[in-house]
Every structure is written in C-alpha cells, then in structure tokens.
Amino acid sequence: MFGTKEHLRAQEGHLLIDGVDVVDLAGEFGTPLYVTSEKRLRENVRLYREAFPESWIYFAVKANGNLALLRILAEEGMGADVFSAGELSLVRMAGMPMEKVLFNGNSKRIEELKMAVEAGVRISADSRDELLALSEVASEMGQEAEVAFRVNPDVSATTHPKIATGLKTSKFGIPWREIVEVYRTAMSLEGVRPIGLHCHIGSQILETSPFEEAAARMMELAGEIVGMGGEIEMMDFGGGLGIAYSPETQAPTPADLAAGILPVFKDGCQKLGISPRMILEPGRSIVADTTLFLTRVNVVKRAHVNFVGVDAGFNLLARPMLYDAYHHAVVANKADHKPEEKYTIVGPICESGDVLAKDRTLPKVERGDIVAMLDAGAYGFSMASVYNGQPRCPEVLVGGGRAELIRRGEDRSVFLAGQIVPPRLLK
Ligand SMILES: *Cc1c(COP(=O)(O)O)cnc(C)c1O
C-alpha cells in the first residue's frame, strides 16, 4: 500500500509507523505533530554507506535541524554540510566530528568565517571576494583554513526552478571557467590552503545524468588544477538526489547514483594519479521519507470544491506553497478505507495559497479525522514559521517500539519573545 516505505502500513483502519499507531500519537502528543522513524533514518544512511563505501557522507542540515536526528546521523558516521553559524553550532552539539563538516554559504558574515576557522572546519568559498576575506580573517587569527571552492558547473537539472542551483544564472558558486584562476590565487595567499572542489547542482533531481555531467566537469577542472601544480584532496559532489513523493514517481537510489558517478570519479582520479576523498551532501534523500506530518481536521466545507480545513498549513509545511510540491495525504484513522471523494486540504493561515494538497481522492473525511502528510522529514519543520500567530508544533521520534518527544511544541509566549514596547508607549 505504501510502496517501498516499509516503515508504514495500515492495520484495522489505522496508519502505523514502525508498528506504532499514529492516531494514538495524535491523541497523546496533540496535533499538528511531526513523527519520525528512527529505523528508516538509519536505513537511509546505510544505503548511502553501502553505495559509497569509501566516501564521506555529509548531511545537509538545512533539510532537518532536529538535534536528536542529527545525533543519530552522527552515530551512523555522517558529517555535515552547514550553511550558517547556527547550523554549525547544532552539529557541534550533536557530536559530529569537525573534520567531517563543510561550511557552505554564498554570503557568509565575517563572524561566521571566524567561527568556522576557530572550529577547524573546512570552508567552501563561493567567490573570489570571499576567498580574500577568509585569507584576511585566518591570517589575523594566525590560522590556516582549509578551503574548497564551490563550482558553478553550468549544468541544468530538471527540477523546480527555485531549487535548481547549478545553472550559470544561479547565485551559487564560482563560474567554472574562473575556478582555475581562483585556485591559483588561493595557492599564493596567506591563511588558506586550497584542498579541493565542491558543487551542488540542485535538489529533488530524479535522474542521474545531470550528476554524471557535473562530475565529469568537476574531474576536468581537477585535471586543470593538478596541471598547474595544485593539490586536490577532496571532491564534493553535493546533494540533490530526489525521492518519490507521489506513488507514480520513480526515484533513483543511492546505488543508482553510485553507478552513474563513481566510474566518472574513479577513472578521472586514476588518469590524474590523485586519490582525493569523495564527499556527498544528501539532505532530502536521507530524511524526507522518515517523517509524517499529522494534522487534525477542524472543518469540512462543501463549496466550489470540498475543502478539508486542518490545523496546520504552510506555517509548518511550506513545500506545497513554495514549490507546488506534492505530499501524499492519508486519512490516518481510515487508512485502508475505500477512496470516495475528491478533497482539497487547506490550512488555517489567512492566505489563499495555504493549500497542503489539491484534488485528492480520499475516504469520506469528517471533523476530527487525522490527516497524515507523507515524506515531510526534509524541508518540513526546518522551514516552519510562526506566521499568523501559529506556534510551532512538537516533534516525536519512534524507535524501539515507543515514541519519545524530541522537540516541545511552542506556546503563545513565542510571540512575545524578544519584543520590546518602548515605555513611552505604555502610558
Ligand atoms: C541544500 C543543499 C544540499 C542538500 O540538497 P538535497 O536536495 O536535500 O539533497 C547539499 N549541499 C548544498 C550546498 C545545499 O545547499
């Protein structure tokens, strides 16, 4: 019923995640609620480790910043791709080894560069200007920062335009024609030691050919760098592997990705006589399918279409609104009932765009039903906001047959936090 999602099944009408009834979870912890399968998370990492036994796999923290989940990923041997000082603090706290962290970002603050140098993590420089800033910062600190370069490989990947990052028009990376010159500059600068190349061509990519194309371009650049006397210790091919959000979609596995890019990498290295570490930075394909987002039906309104009003919308799951993304919807307390009618599932936010799912054929929906949105583990909670007076919800981890709270829900004090009303306005 749930395809390859072996952690999900229906039993006596209810949806279960690793054997735990999600309707019970909604009762115990309240809704809205994020629920993650620990088993599935560990399995997803293992798929990568088996496909890429010699590579370092970095988790893209922007996909999910929950500390308990990061802790599990650290236990599984993952490193991290961080994009800010905030994300660096998180992975430090999760116990990830600093040698397996890459500090990315296209517009880093000086304080962030300092923090990265201090932590001893590698930094991906996104521009020549940033390289110069890093050189100044690290020299002043009497340190030498290991720096990789974010390449814009000018490769087009079929995905939503807002998550394609490898086109020449994208804000990310150094144009690939300029990479060798920037590398040469770095070799003569104080405070930095150039160690390799980095790219990330986009997200939710459902074919392996764009990855192969980018890898080939990266190996070509590595060749030019080696040719002018540079050293290459790491080659980071980014993240971006897509997942099957809808039952009709086929997504490549980490093994498929390996079959595509490993030969390009290995042949290239052999020809150049180099043996850099290969690094990958998956986010979505590690965490998306591990997590359900549970909401409760407040109202059913039969209007122009049948609207199902649930207790959370794009404040807690922004992807449908941001990218027209599809998340499969299941009525969790009627999980094996016959689909009967078409519904559009909407949230409580005061915007017409607050639609979680459009035109879905579901069992008859009634007030009080629990609607589960599948595959919500990546770019779900991590993008949540408190817009429109909606506090963020709790997160729960299911592991070893039980459920544990891994983030408390917020209360209304979140709206007061940090606010200052000048005394003159209190008269
Ligand atoms: C977002 C991002 C990733 C992860 O992308 P996924 O599609 O979630 O795998 C990896 N690397 C960088 C630099 C990113 O910005």
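Both counts, for ligands and for their atoms, begin at 1 and track the order of listing.
N388 places a side-chain N or O within 3.5 Å of a backbone atom of C350 that can act as its donor or acceptor partner.
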For I279 and M235, what are the C-alpha separation, side-chain angles and deciding distance, and is it a side chain to side chain contact (heavy atoms under 4.5 Å, CB included)? CA-CA 6 Å; I279 291 165; M235 292 291 282; over 6 Å; no

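Near R284, with a cut-off below 4.0 Å to any heavy atom, the atoms of ligand 1 are 6 (P), 8 (O), 9 (O). Distances below 4.0 Å separate heavy atoms of S203 from the following atoms of ligand 1: 6 (P), 7 (O), 8 (O). Ligand 1 places these atoms under 4.0 Å from at least one heavy atom of G239: 9 (O), 10 (C). Near P282, meaning under 4.0 Å from one of its heavy atoms, ligand 1 places the atoms 9 (O). Every atom of ligand 1 with a heavy atom of G283 under 4.0 Å away is listed here by number and element: 4 (C), 6 (P), 8 (O), 9 (O). With ligand atoms numbered from 1 in the order given, ligand 1 contributes 1 (C), 4 (C), 5 (O), 6 (P), 8 (O) to contacts under 4.0 Å with heavy atoms of Y379. Using a 4.0 Å cut-off to heavy atoms of A60, the atoms of ligand 1 that qualify are 3 (C), 4 (C), 10 (C).
For the ligand labelled ligand 1, residue F172 lies outside the 4.0 Å heavy-atom shell. Using a 4.0 Å cutoff on heavy atoms, S285 does not count as a contact of ligand 1.
Taking the six-membered ring wherever Trp is involved, the centroid distance between the rings of Y34 and F293 falls below 6.0 Å. If you look at F149 and Y183, their ring centroids are closer than 6.0 Å.
We find the CD1-CZ distance between I225 and R184 to be 10.0 Å, quoted to the nearest 0.5 Å. For the atom pair NZ (K358) and NZ (K342), the distance works out to 12.5 Å, reported to the nearest 0.5 Å. Taken to the nearest 0.5 Å, the OG atom of S285 stands 8.5 Å off from the CG atom of L257.
For atom 10 (C) of ligand 1, the closest heavy atom belonging to the protein is E281 O, 3.1 Å. In terms of protein heavy atoms, atom 15 (O) of ligand 1 is closest to K62 NZ, 2.8 Å.
At a heavy-atom cutoff of 4.0 Å, ligand 1 is contacted by no atom of A63, backbone or side chain.
Below 3.5 Å of separation, one finds an N or O of D81 facing an N or O of ligand 1. Not one N or O of R150 is nearer than 3.5 Å to an N or O of ligand 1, by distance alone. An N or O contact shorter than 3.5 Å links G240 to ligand 1 by distance.
Across all non-hydrogen atoms, the minimal contact from D81 to E87 is O-OE1, 4.1 Å.
At a threshold of 4.0 Å, the pair E43-R46 does not count as salt-bridged, since none of the basic side-chain nitrogens sits closer than that to a carboxylate oxygen. The residues E118 and K114 are annotated as not salt-bridged, no charged nitrogen and carboxylate oxygen being separated by less than 4.0 angstrom.
For atom 5 (O) of ligand 1, the nearest non-hydrogen atom from the set H200, Q204, H198 belongs to H200.
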